[in-house]
Structure formats: C-alpha cells, structure tokens
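Accompanying notes for the structure given below.
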2 protein chains.
Amino acid sequence: MANIKQIAQMAGVSIATVSRVLNEHPYVKEDKRAAVLDAVAKLNYSQNMNAVHLVRGKTLMIAVILPYVNHPYFASIIDGVANAALACNYKLLLCQTDYQAEEEYKVLELLKMKQIDGIIICSKTISWDVIEPYASYGPIIACENAGDREISSVFIDHYGSFKLGMDYLITKGHQHIGYFIGRGDSYNNINRKRAYAEALQAIGETPREEWGFDRVFTFERGVEVIRQILTMKERPTALIGAGDDPAAAIVAEARKHGIRVPEDLAVIGLDNQPIAEVMGITTIEQSMKEVGGLAFQAFYERINNKDLPPTKHELPFRLIERSTV
Amino acid sequence: MANIKQIAQMAGVSIATVSRVLNEHPYVKEDKRAAVLDAVAKLNYSQNMNAVHLVRGKTLMIAVILPYVNHPYFASIIDGVANAALACNYKLLLCQTDYQAEEEYKVLELLKMKQIDGIIICSKTISWDVIEPYASYGPIIACENAGDREISSVFIDHYGSFKLGMDYLITKGHQHIGYFIGRGDSYNNINRKRAYAEALQAIGETPREEWGFDRVFTFERGVEVIRQILTMKERPTALIGAGDDPAAAIVAEARKHGIRVPEDLAVIGLDNQPIAEVMGITTIEQSMKEVGGLAFQAFYERINNKDLPPTKHELPFRLIERSTV
DNA sequence: ATAAAATATGAAAAGCATTTCAGGTCAAGC
DNA sequence: GCTTGACCTGAAATGCTTTTCATATTTTAT
C-alpha cells in the first residue's frame with residue numbers, strides 16, 4: 001500500500017502539502033493540489049487511519065456497553081445511538097458484555113488506551129465508583145441515573161414509571177399484584193421493586209416473594225412466569241413488568257391456559273414496543289431510542305468542549321391504556 | 001499520559017524490554033520484568049492502541065454491515081457474530097447503513113484504511129462487483145450467497161425455504177397465496193419471489209401483483225398488510241412471509257377483524273423467533289445466530305491464514321408446524 | 001575444554017500522517 | 001517605495017510502539 005511519502009514524491013511536493021490536500025486545508029496552489037489528487041488516484045492511496053488516530057489522539061469511535069444486543073430495550077437504545085453517531089460521523093463499537101465484569105473492564109481499558117473516544121453505558125455490572133475514574137480519559141455517559149458524578153446521565157424515572165403502573169392497577173381495584181423484571185440487582189430494577197413495594201404498602205398489602213419474577217427478559221421467560229403462576233394456590237390478579245416482550249408472552253400463555261386477560265389477570269408491559277400495540281397490551285411508553293440519541297449528544301458535546309460539566313437529562317414516560325388491564 | 005519511553009526510563013531498561021514485558025515475550029530477566037511492571041503500575045500506564053495498530057497493521061476489529069439493528073433477523077446475526085468475536089478477542093464495529101450506498105462505501109474504505117481487519121455483510125445495496133475488489137484489503141464475509149467470488153458466504157437457501165413453505169401451503173389445499181417480504185430487490189428476496197412464482201406456476205396459478213407485499217419488516221407493516229387485504233374483493237387464503245414479527249402482527253390484526261386464522265387465512269412466518277413460538281405461528285426455522293457465528297469464524301480463519309480460499313457454508317432450515325396453517 | 005545453543009538486552013529502524021515553525025512570494029495600502 | 005498581511009511551501013518534530021539486528025552472557029552438549 002502506498003503511503004503519503006510516495007504520493008509526495010510522485011506529485012513533486014512535500015508530505016506536508018499532501019497532508020494539506022488530504023485534509024482540505026487552505027493555502028495550496030491549484031496545480032499542486034491537482035498533482036496530489038492525481039497521484040492519490042494513480043497509486044490508489046488511502047490514509048492509514050491508525051497513523052491518523054495516533055497523531056490526532058482521537059478515533060471518532062464510541063463504545064456502547066450492554067449485556068445483550070438481541071433484546072428490544074437495548075436494540076432501541078443502540079438504534080438511537082447509531083443514528084446520532086452516524087450524523088456526527090462517529091463509529092459505534094458494540095460491546096456485548098453478558099453482564100461479565102471482565103468484559104466491562106476491557107471496554108474501560110479501551111478508553112484509556114485511546115482506542116475509543118468515549119463510552120455509553122446502557123447497563124452494567126461493575127459499580128460507578130470503579131467506572132468513574134476512567135472518565136478522565138474521555139466522556140462516559142450512562143443510560144440510567146448515575147448520580148452525582150463525572151458521568152453524564154440520560155435516563156427515565158423507572159421508579160416513577162413503575163409507580164404509575166402500580167397506582168393504575170390499584171385504581172382498577174387490584175390488590176394482589178405481582179411483578180416481573182430483568183436482572184433484579186440492576187439500579188433500574190431496584191428502583192422498580194421499591195416502587196412496587198411502596199405502592200403495595202400504601203394499600204396495606206405486603207409483597208409476596210413468589211409473585212416477584214426475576215430475570216424475565218424474554219418471551220420464553222414470560223411463558224415460564226405463567227407456568228409458575230398456574231402452580232400457585234393463591235394467584236396474583238395483576239402483573240406489572242419491565243418489558244413488552246415478556247408481557248406479550250404472559251398474555252398469550254395465560255390465554256392459552258384459559259386465564260382471561262384482563263378479567264382474571266391484568267398485565268402491564270413497559271416500553272411501548274410495536275408488539276404491545278399489535279397485541280393490545282397496556283404499557284408504559286418510554287422512548288429508549290431517544291435515550292440513545294441524547295446519550296450520544298451528551299457525549300458529543302463534552303468531547304467537543306472539555307470544560308463542560310457532566311449533564312443530567314431525564315425523559316418522560318406515559319401510560320398507554322389498551323386492553324390488558 | 002505516560003508512554004513506553006517513560007516506563008523504560010523509570011525501570012532503567014530499554015523500550016524494547018518494556019515492549020517485551022508488555023507483550024509477554026520470553027527472554028526477560030525476572031528482576032527487569034518486575035521493575036517494568038512496577039513502573040507501569042506507578043505511572044498508571046496503558047498502551048496507546050493506535051500506535052500498536054499502526055505498527056502491527058491490525059486492529060482486531062471487524063465491521064458488520066446491516067441496514068437496521070433494531071430488527072430480530074439482524075439482531076440475531078449480530079448476536080452470533082458478537083459471541084464468536086468475543087471469544088477471539090475481536091471487537092465489533094456496528095455499521096447501520098439504512099441501505100444507503102454511501103454508508104456502505106464508508107465501511108469499505110475503513111477496511112482499505114486499515115481501521116478494521118474485515119467485514120461481515122448482512123445485507124447491502126451496492127453490488128458485489130463493486131465490493132469484491134476491497135477483499136484485497138481484508139476478508140469480506142457475506143451472510144448470503146455471494147456467488148463465486150473472493151468473498152466467503154455463510155447462507156441459507158432462501159429459495160428452498162420459501163419453496164418448502166409454499167409446497168406446504170399447497171399441500172394443505174391453498175391456491176390463493178400471497179407473500180410479504182422485506183426489501184424486494186435484495187438477493188434473498190429475489191430468490192424468495194422466484195420460489196413463490198414457481199410454486200404457483202406448478203399448480204397453474206399466476207401470481208397476483210396485489211398479493212405481494214414489499215417492505216414488510218415490522219409489526220406496523222404487518223398490520224397494514226391486513227388492512228390492505230381487507231379492502232380487496234378477492235383475498236388470498238394464505239400468506240407466507242419473511243419474518244415472524246410481521247407474521248405475528250398479521251395474525252393478531254386479522255383476528256381483530258374477524259378473519260379466522262388459519263381457517264380464513266393461513267400464515268407462515270420465517271426465522272422461528274421466540275414470538276413465533278409464543279403466538280403459535282407456523283414458521284420456517286433458520287438459525288441466523290448461527291449464521292453470524294459462522295460468518296465470524298470464516299473471517300477468523302482467513303485472517304489467520306491468508307492463503308485460504310474463500311469458503312461457502314450453507315445452513316439448513318426446517319418447517320415448524322404450529323397453528324397458523 | 002570447547003562448540004553450540006539458549007537466554008538476555010539495547011540501539012535503531014519501521015510503521016504513517018499531522019502540525020508547527022520558519023521562510024518565502026506577492027499584492028494591496030499608505 | 002515600503003510596510004503589512006495574505007498566501008504558499010517544506011523541513012523537522014511529534015505521536016507511540018513493535019521488531020529486527022547485533023551483541024553479550026549463560027547454559028548445555030560433546
């Protein structure tokens with residue numbers, strides 16, 4: 001592969017001039033510019049980006065940390081990030097961690113090693129305390145409330161949204177309410193559980209262990225929730241959960257077993273993914289795609305102005321009434 | 001940030017020795033190794049990967065070209081690639097193109113500019129003839145049959161799988177069959193349309209323009225298909241299509257309008273995504289996740305042995321009978 | 001005891017492009 | 001006619017690491 005030196009030689013100019021042409025700097029005479037362009041074409045030259053990155057100290061690349069790609073919640077965030085990144089000519093490094101701390105560390109190291117300019121964290125295992133120091137190497141953005149740190153946050157009040165759903169169910173007369181969530185110890189889900197417990201407490205109910213379902217990310221796990229409920233003597237009359245996919249599975253599986261929805265079992269999903277509309281599932285809308293887009297913007301602003309402090313951006317949610325409550 | 005020179009100075013060795021320690025080369029005395037490691041810790045040193053990439057001519061990074069991330073078919077492929085890549089310590093550059101040729105070119109250029117070591121193409125706009133020359137800069141793998149080229153292919157016989165579905169419908173007595181596919185001019189969909197037409201021809205039917213639905217990627221578009229069918233005087237008795245999401249939407253929307261499935265309208269989806277199982281949709285299973293994994297493997301083998309010729313790997317499919325036919 | 005092989009280390013080259021600095025030309029303004 | 005500023009160009013420094021080659025020291029084998 002040709003390099004800039006050979007271009008310079010062929011065009012009869014210095015490498016500095018070649019660089020100027022390549023980077024569209026002013027102050028290059030038209031004839032030299034033409035000669036350089038000609039040589040570039042003749043030698044089929046392209047820059048070696050690794051050299052460019054080395055000297056510039058930037059890569060125009062941002063990493064996204066998430067446990068699973070193949071999951072509508074995260075896919076929506078990526079979608080948002082990808083579109084925003086595209087517009088700013090940034091590339092997206094996808095880091096699927098499966099919640100392995102080791103994988104998360106690798107990405108943080110990537111930032112330190114200047115292979116990426118910043119990180120967007122959708123969901124993670126290691127603590128913010130460990131992550132925060134890495135913010136000195138480049139902007140880190142959280143898609144959840146990271147608190148008061150050197151880390152920007154774009155988030156939805158998951159406590160509030162779950163509370164909204166709970167209050168709605170309670171208004172509809174439900175007292176025996178269960179929940180299903182993803183990874184139970186994530187920040188978002190801890191808040192949801194708190195909202196759940198507090199809402200129950202307000203009507204004098206105590207949460208029952210067996211009505212709380214953990215690790216419910218997928219259709220399959222939604223099906224299992226119903227199978228488990230079928231084995232119970234006392235069953236919940238309503239379920240609220242973190243995801244429309246499992247909610248859809250729960251509705252479908254329940255009906256398969258003769259459980260009427262919403263009469264015998266009310267269900268509230270989360271996200272307002274297309275499937276919720278198609279299946280008429282009552283859900284709480286929150287635009288994760290927008291979260292992704294704003295997360296990238298938060299990154300972009302900070303990378304272009306190092307003096308900017310970390311920001312916090314909270315996005316709204318709203319209940320969408322359909323036919324499962 | 002510290003660099004290797006400072007480490008060398010602090011440890012009282014040459015930079016060559018530091019590099020040896022960092023890269024775990026043999027032939028370094030234990031005391032010097034310790035001194036280097038000590039200096040690394042003290043100065044909080046990390047390699048500058050851009051320099052490493054420059055000198056090595058590799059980045060341990062592979063790009064995936066696809067139109068949409070937020071789509072189960074592509075998300076499955078990514079999932080497969082991501083897992084395989086993780087195991088080989090490769091990073092994944094996600095290139096969402098929205099079928100814009102310009103974006104696809106950018107990725108090809110990335111390969112030429114040595115920013116990535118190879119490319120996996122899930123679906124694309126520009127022709128293989130244009131893409132092929134770039135294979136001289138690094139392995140390019142297609143997740144469809146790229147034909148006889150310098151490009152490896154991992155694919156499913158989409159002609160065959162659609163044919164299987166058609167024959168199944170015909171066996172079940174259907175003659176008025178419609179189809180729904182994604183982007184109509186993609187290689188895969190051209191083959192599907194061919195299978196569709198040939199199967200109809202075999203029973204003396206002519207395909208009807210209005211029973212073929214294009215650009216049906218999503219739930220929403222599935223809903224629209226039914227809405228359109230409702231306006232028709234003569235309606236198809238069966239639909240076969242490229243995707244379980246739209247198939248699910250079609251089934252749900254049909255029932256909403258009093259069209260019985262499968263009695264009035266039979267539906268076959270594609271992929272056997274979880275939703276197909278939950279909703280009991282008859283579908284054709286094809287493991288796109290496996291396609292992704294094998295695509296990465298094909299890349300990995302070629303990057304580690306430049307002499308290897310491009311490979312072709314065809315994966316099986318099978319009909320899964322459920323309750324929508 | 002001596003040749004051969006293994007171990008250990010550093011200087012310098014190679015990988016490639018950007019940017020600063022210094023020096024130059026040329027035209028406009030006073 | 002002279003100063004000033006805009007325009008243009010190249011040498012050299014900079015960013016950082018890996019790897020080759022030459023050399024030196026030990027160890028092992030004969």
Side-chain angles (χ1 to χ4, degrees), chain A residues 1-40 43-61 109-117 137-138, chain B residues 1-40 43-61 109-117 137-138:
Chain A
M1 275 287 295
N3 61 25
I4 199 174
K5 217 166 161 181
Q6 292 167 40
I7 301 296
Q9 199 164 21
M10 186 168 184
V13 297
S14 72
I15 56 168
T17 298
V18 176
S19 178
R20 285 193 191 99
V21 173
L22 258 31
N23 294 286
E24 294 175 4
H25 284 295
Y27 303 153
V28 180
K29 276 247 176 83
E30 200 41 58
D31 56 335
K32 308 222 172 195
R33 151 171 275 107
V36 168
L37 259 22
D38 195 52
V40 164
L43 295 180
N44 188 25
Y45 169 80
S46 278
Q47 285 163 296
N48 182 323
M49 286 318 267
N50 297 130
V52 176
H53 293 161
L54 172 60
V55 68
R56 283 218 225 270
K58 275 195 186 173
T59 57
L60 297 186
M61 201 149 78
E109 285 299 319
L110 245 35
L111 183 62
K112 191 177 171 194
M113 300 190 291
K114 293 170 177 288
Q115 197 170 344
I116 50 179
D117 295 349
Y137 305 115
Chain B
M1 275 287 293
N3 60 27
I4 201 174
K5 216 166 162 181
Q6 293 167 41
I7 301 295
Q9 199 164 20
M10 187 168 183
V13 298
S14 72
I15 57 169
T17 298
V18 176
S19 178
R20 286 194 191 96
V21 172
L22 259 29
N23 294 287
E24 294 174 6
H25 284 294
Y27 304 154
V28 180
K29 276 250 176 81
E30 202 40 59
D31 57 333
K32 308 223 172 196
R33 152 172 273 106
V36 167
L37 258 22
D38 195 52
V40 164
L43 295 180
N44 188 26
Y45 169 79
S46 279
Q47 285 163 297
N48 182 324
M49 286 318 268
N50 297 128
V52 175
H53 293 162
L54 172 60
V55 70
R56 283 219 223 270
K58 275 193 188 177
T59 57
L60 297 186
M61 201 150 77
E109 285 298 321
L110 246 34
L111 183 62
K112 191 178 173 195
M113 299 190 291
K114 293 170 176 289
Q115 197 170 342
I116 51 179
D117 295 349
Y137 305 115

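Here is the naming used below: chain letters follow the sequence lines, and residue numbers restart at 1 for every chain. Just so it is clear, the values below take in all heavy atoms, side chains as well, and ignore hydrogens, waters and symmetry mates.
Heavy-atom minimum distance, A/Asn23 versus A/Arg56: OD1-NH2, 3.2 Å. Minimum interatomic distance between A/Ile116 and A/Leu111 (heavy atoms only, all atoms of both residues): O-CD1, 3.4 Å. Nearest heavy-atom pair across B/Tyr45 and B/Leu22 is CE2-CD2, 3.6 Å.
Between B/Tyr27 and C/dA8 there is no side-chain N or O to OP1 or OP2 distance below 4.0 Å.
A 4.0 Å heavy-atom criterion places the boundary nucleotides of DNA chain D facing chain A at D/dC7 to D/dC16, written 5' to 3'.
Rounded to 10°, the helix from C/dA1-D/dT30 to C/dC30-D/dG1 has 30° between the axis fitted to its first five pairs and the one fitted to its last five.
Between the side chain of A/Thr59 and the main chain of A/Gln115, a donor-acceptor pair closer than 3.5 Å is present. Not one N or O on the side chain of B/Ser46 forms a donor-acceptor pair closer than 3.5 Å with the backbone of A/Met113.
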What donor-acceptor contacts under 3.5 angstrom involve side-chain atoms of residues 5-13 of chain A, with partners at least two apart or in another chain?
none

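Exactly one residue among B/Val52, B/Val55, B/Asn50 makes a side-chain contact (heavy atoms from CB on, under 4.5 Å) with A/Leu54. That residue is B/Asn50.
Among pairs with a residue in residues 15-36 of chain B, none fulfils salt bridge (charged side-chain N to carboxylate O under 4.0 Å, His left out), at least two apart in sequence or across chains.
The side-chain hydrogen bond (donor to acceptor under 3.5 Å, both in side chains) check on A/Ser14 picks up A/Thr17, with sequence neighbours excluded.
B/Lys112 NZ: more than 12 foreign heavy atoms inside a 6.0 Å radius.
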Which letters describe nucleotides 10-23 of chain C, given B = protein heavy atom under 4.0 Å from base, S = only from sugar-phosphate, - = neither? BB---BBBBBB---
